[in-house]
Amino acid sequence: MHLHLARLTSSLPQVISLETSLNMNQPNSTPQRIKALDQSVVNKIAAGEIIVAPVNALKELIENSVDAGSTSIEIVVKDGGLKLLQITDNGHGINRDDMPILCERFTTSKLKSFDDLQSIGTYGFRGEALASISMIAHLTITTKTSDSVSAWRAVYGDGKLKPPKPGQSADPKPCAGRGGTQITVEDLFYNTPSRRRAFRSPAEEYSKILDVVGRYAVHCNGVAFSCKKHGDTDVGLATASNASLRDRIRRVHGSAVANELIDLEVADEHLGFEAKGMLSNANYHVKKTTLLLFINDRSVESGPIKKALDATYSAFLPKGGHPFVYLALKIEPSRVDVNVHPTKREVNFLREDEIIEMICEAVQDKLAAVDASRSYSLTQTLLPGAQLENQDTAPQARQDSRKKAKANNLGISPGVPGSSRTQTKKPYENNTVRVDARDQKITSMLQPVAEGSDQARLAGGDHGEYTYDDSRQWRDVGLKSLKILREKTRNEANNALSELFMNHIYVGLIDEGRRLAAVQHGVRLYLIDYAAVSYELFYQIGLSDFRNFGVIRLNPPLPLREILKIAAKEEFGDGHGGDGQGTDHSGDEEVPIDSSGACVSRVPDLEGAIKVLAHSGRPSTVESLLLDHRTMLRDYFSMEINGDGELVSLPLLLKGYMPSIGKLPSFLLRLGPNVQWDVEEDCFDTFLRELALFYVPETLPTAPQHAGVAGAAAAAGQPAANEGEIETYREDPAMVVRRKELGSMVEGVLFPAFRKRLIPTNKLLGSVTEIANLKGLYRIFERSC
């Protein structure tokens with residue numbers, strides 16, 4: 001009886017605990033009230049986001065020291081920074097009157113209004129670093145300015161002044177000290193034991209600290225750095241203030257990389273950036289990429305830049321080899337958003353893809369220039385007497401190597417056969433993506449340009465018909481109407497389409513008549529109406545590059561009235577007799593695109609308007625409109641018309657892409673009735689849409705298959721077609737040239753521009769069609785088997 005009672009008593013706490021947990025999981029009938037957190041709790045939560053590890057605290061303190069104009073920074077670390085983290089500099093110090101609010105949140109001398117954040121030029125700006133450190137550590141600050149008689153020392157806790165000992169005053173106290181500031185952080189994370197226990201070892205934290213100190217030691221010219229463990233006589237890292245960049249890299253990363261460095265410098269005023277740095281040549285490679293990246297003097301990380309550099313180096317380094325790169329980017333502060341990460345580890349900046357591409361092109365040019373002087377070192381690892389044994393064991397070594405490679409492919413670790421398997425899960429075949437959007441296709445290396453083509457004229461300069469000029473000085477445009485149009489485009493962006501166009505792989509041109517191309521994204525194959533997409537692209541380029549277009553100069557200038565007469569005659573005949581419907585151009589006339597970006601057969605209102613202008617015998621009405629607005633056309637759209645009524649130049653929207661000059665008469669005629677000339681916003685919108693329509697690739701007739709017809713006739717034993725029939729299958733040489741030229745521009749210019757510059761909008765959802773899915777194909781094959 002007593003035994004059963006004891007068992008029941010011992011199990012009672014478990015029953016009570018289970019009942020309590022069940023009651024907690026049941027929904028409460030009355031909702032809990034929302035209460036504001038205590039300020040101390042808010043501060044500790046914020047501190048945990050900013051100071052994740054000792055290395056984050058040190059990074060903030062180093063940046064404060066550099067902002068203070070220091071030329072010498074000394075760092076002392078104990079237990080990986082958890083027990084002690086001390087930084088001493090010789091900067092301008094802190095005023096004694098500012099010390100009471102020094103560690104309060106959002107107190108800073110570097111930012112006064114939100115607008116200052118758009119042009120911030122210092123490391124710190126939020127005023128949260130010292131406040132966050134004081135919330136989770138014991139903080140002592142000793143500082144002396146140049147005009148102060150003595151130094152001042154203060155102790156902080158929870159963002160406020162704290163007495164050094166119980167019963168003493170919390171006010172700063174005078175003391176002996178040198179010019180500058182010394183910040184001592186002790187017992188980091190003392191009040192958050194779970195965070196403190198998460199750190200593996202002091203040695204690992206110390207190595208992270210050395211990495212951050214090394215980064216700033218390389219970048220900060222004219223600043224001496226030293227870092228050591230508390231109590232050690234040896235310095236873990238030290239650089240001199242007068243050392244050159246190569247010497248600083250040598251001190252931090254060793255002579256092996258310093259001896260193989262080449263300089264890099266690239267800038268572009270249009271993109272508003274300047275890049276300088278040093279990178280390893282093809283003689284140096286390691287197992288992991290070392291990237292020291294600074295954007296506006298701030299040490300940051302960037303996955304896209306690192307991937308692009310690795311892809312660039314892959315053509316010069318052996319498999320598995322990675323480079324060393326130090327890169328300092330200077331970007332206009334107005335183009336950079338530094339306030340996107342709690343620890344300021346990442347930043348966003350405008351035109352990122354184009355800047356990265358320009359940097360990688362410069363890196364590739366530098367590597368290609370020194371690739372001819374690559375050095376190879378030969379080392380003898382065996383004595384001459386061991387030559388015969390080496391020859392005998394070579395086949396066995398190759399066999400072992402093949403076995404090891406086969407084991408790796410099977411996921412088996414080398415050693416005892418079948419002893420263990422790696423934890424890497426092999427993906428299913430129907431989920432495997434076998435291509436990469438970053439890979440360079442062989443067609444991009446072989447770009448044949450047909451002689452006499454538009455592309456050849458663009459590449460060759462002056463050829464008697466038109467010349468290409470892209471040497472323009474970029475000008476900022478602050479027109480309100482333009483900002484409204486740009487905002488409308490951004491608001492219509494579609495995230496799913498953005499992912500598709502940014503990471504697609506071009507497959508090929510499917511139909512020049514319907515203007516369709518195939519692309520792959522992931523395990524899906526899509527059909528793209530590149531006419532509608534390019535219409536949206538050129539419209540957006542018109543908005544973004546407004547008043548900054550390149551120029552296509554016509555040589556000699558073309559009479560405007562004659563071009564308009566040609567357009568009226570092509571659209572509706574000569575205006576005399578007939579049914580007034582004009583000639584049928586269904587074989588070679590392109591399908592117009594409406595304002596939504598969709599392809600339609602005709603635009604009735606526009607057709608009627610042009611019809612009135614053409615059949616009334618007054619194409620000069622359009623001419624007078626263009627002449628009246630020729631100043632605006634020249635200044636805003638790089639479309640120049642001289643005083644004699646001759647067209648001198650056209651805007652160039654995309655470098656390397658030339659619109660069909662055969663569409664010029666129709667383009668000019670459409671400007672008359674289809675542009676709202678009286679209202680600024682409507683004028684810009686309608687003109688840019690007409691310009692985009694002019695730039696859309698034209699339709700081409702289906703390529704003839706004369707070889708297939710002749711072959712089929714021969715195979716059937718029938719006589720071949722006569723000379724006249726064979727002639728009908730021969731394509732015009734000019735059409736052959738244009739077909740090759742268009743295919744090259746679609747693949748090499750248009751689709752890369754879709755990836756870099758297009759903001760896909762909801763209007764383009766109907767222009768993208770999924771035609772194949774790898775998972776679906778696997779299901780079909782499984783059912784058929």
*asked:* Going by ring-ring contact (aromatic ring centres under 6.0 Å, His included), name the residues that satisfy it together with F538, two or more places apart in sequence or in a different chain.
replied: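 ring-ring contact (aromatic ring centres under 6.0 Å, His included) list for F538, sorted by chain: Y657, Y695.
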On a heavy-atom basis, which atom in [X] and which in [Y] lie closest, and how many Å separate them?
| X | Y | answer |
| --- | --- | --- |
| E698 | S660 | OE1-CB, 3.5 Å |
| L764 | A532 | CD2-O, 3.7 Å |
| G748 | P752 | O-CG, 3.4 Å |
| A275 | L327 | CB-CD1, 4.1 Å |
| L668 | L647 | CD1-CD2, 4.1 Å |
| V519 | H504 | CG1-CD2, 3.9 Å |

Residues two or more places apart in sequence or in another chain: which of them pass side-chain hydrogen bond (donor to acceptor under 3.5 Å, both in side chains) with [X]?
| X | value |
| --- | --- |
| R486 | none |
| D511 | R514 |
| N494 | N762 |
| Q540 | E536 |

Discussion item. If only side-chain N and O atoms count, and only distance matters, is there a donor-acceptor pair under 3.5 Å linking S481 with E680?
Written reply: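 On atom types as modelled, these side chains qualify, holding a pair under 3.5 Å.
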Ion pair [X]/[Y], N-O distance below 4.0 Å:
| X | Y | value |
| --- | --- | --- |
| R490 | E492 | no |
| E681 | K480 | no |
| R561 | E623 | yes |

Identify, with sequence neighbours excluded, every residue that meets side chain to side chain contact (heavy atoms under 4.5 Å, CB included) alongside [X].
| X | answer |
| --- | --- |
| S638 | F549, V551, P651 |
| V679 | D682 |
| I356 | P304, I305, A308, E352, C360 |
| E361 | E357 |

Could you give me the CA-CA distance, side-chain angles and deciding distance for D268 and R351, then say whether salt bridge (charged side-chain N to carboxylate O under 4.0 Å, His left out) is met?
CA-CA 12 Å; D268 188 272; R351 313 291 285 273; over 6 Å; no
Please round to the nearest 0.5 Å and tell me the distance separating atom [atom1] of [X] and atom [atom2] of [Y].
| X | Y | atom1 | atom2 | result |
| --- | --- | --- | --- | --- |
| I661 | L554 | CD1 | CG | 6.5 Å |
| S534 | D529 | OG | CG | 8.0 Å |
| S649 | N642 | OG | CG | 10.0 Å |
| H521 | N503 | NE2 | CG | 5.0 Å |
| E690 | F667 | CD | CZ | 7.5 Å |
| I331 | L350 | CD1 | CG | 9.0 Å |

Do [X] and [Y] come within less than 4.5 Å of each other through their side chains, counting heavy atoms only?
| X | Y | result |
| --- | --- | --- |
| V266 | M358 | yes |
| Q520 | Y506 | no |
| L537 | V533 | no |
| I359 | L329 | yes |
| L500 | P760 | no |
| F687 | M639 | yes |
| Y539 | L693 | no |
| R757 | S544 | yes |

**Report entry** Geometric cation-pi criterion, R515 with Y530: 6.0 Å, 45°
**Finding:**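 The answer is no, since R515 fails at least one limit relative to Y530.
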Practice item. Check salt bridge (Lys or Arg N to Asp or Glu O under 4.0 Å) between E640 and all other residues, then give those that pass, not counting sequence neighbours. Key: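 Only R553 meet the salt bridge (Lys or Arg N to Asp or Glu O under 4.0 Å) criterion with E640.
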ask   = Taking only residues two or more places apart in sequence or in another chain, which ones pass salt bridge (Lys or Arg N to Asp or Glu O under 4.0 Å) with E562?
value =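 With neighbours one apart ignored, the set is empty.
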* Take N674 and T686 through the test side chain to side chain contact (heavy atoms under 4.5 Å, CB included) and record every step on the way to the result. => CA-CA 7 Å; N674 213 35; T686 52; over 6 Å; no
task: Evaluate the criterion side chain to side chain contact (heavy atoms under 4.5 Å, CB included) for residue pair E499 and N495; output intermediate values, then yes/no.
output: CA-CA 6 Å; E499 170 63 22; N495 294 332; over 6 Å; no
Set out, in order, the CA-CA distance, both residues' side-chain angles and the distance that settles side chain to side chain contact (heavy atoms under 4.5 Å, CB included) for E646 and L558, then state yes or no. CA-CA 5 Å; E646 295 177 329; L558 303 178; over 6 Å; no
(request) With E512 as reference, evaluate L509, L516, I510 under the side chain to side chain contact (heavy atoms under 4.5 Å, CB included) test and give the passing residue. (result)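 Only one of L509, L516, I510 forms a side chain to side chain contact (heavy atoms under 4.5 Å, CB included) with E512, namely L509.
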Are E354 and K756 close enough, and set up right, to give a salt bridge (charged side-chain N to carboxylate O under 4.0 Å, His left out), and what steps lead you there?
CA-CA 7 Å; E354 296 176 59; K756 298 173 188 174; over 6 Å; no
**Asked** Under 3.5 Å, is there a donor-acceptor pair between the side chain of S666 and the main chain of K663?
**Response** no
Donor-acceptor list for residues 625-637 side chains, cut-off 3.5 Å, not counting sequence neighbours:
| from | atom 1 | to | atom 2 | distance (Å) |
| --- | --- | --- | --- | --- |
| H629 | ND1 | L625 | O | 2.8 |
| R630 | NH1 | I641 | O | 3.0 |

Run L264 and K276 through side chain to side chain contact (heavy atoms under 4.5 Å, CB included) and show every step you take.
CA-CA 6 Å; L264 175 69; K276 295 183 179 180; over 6 Å; no
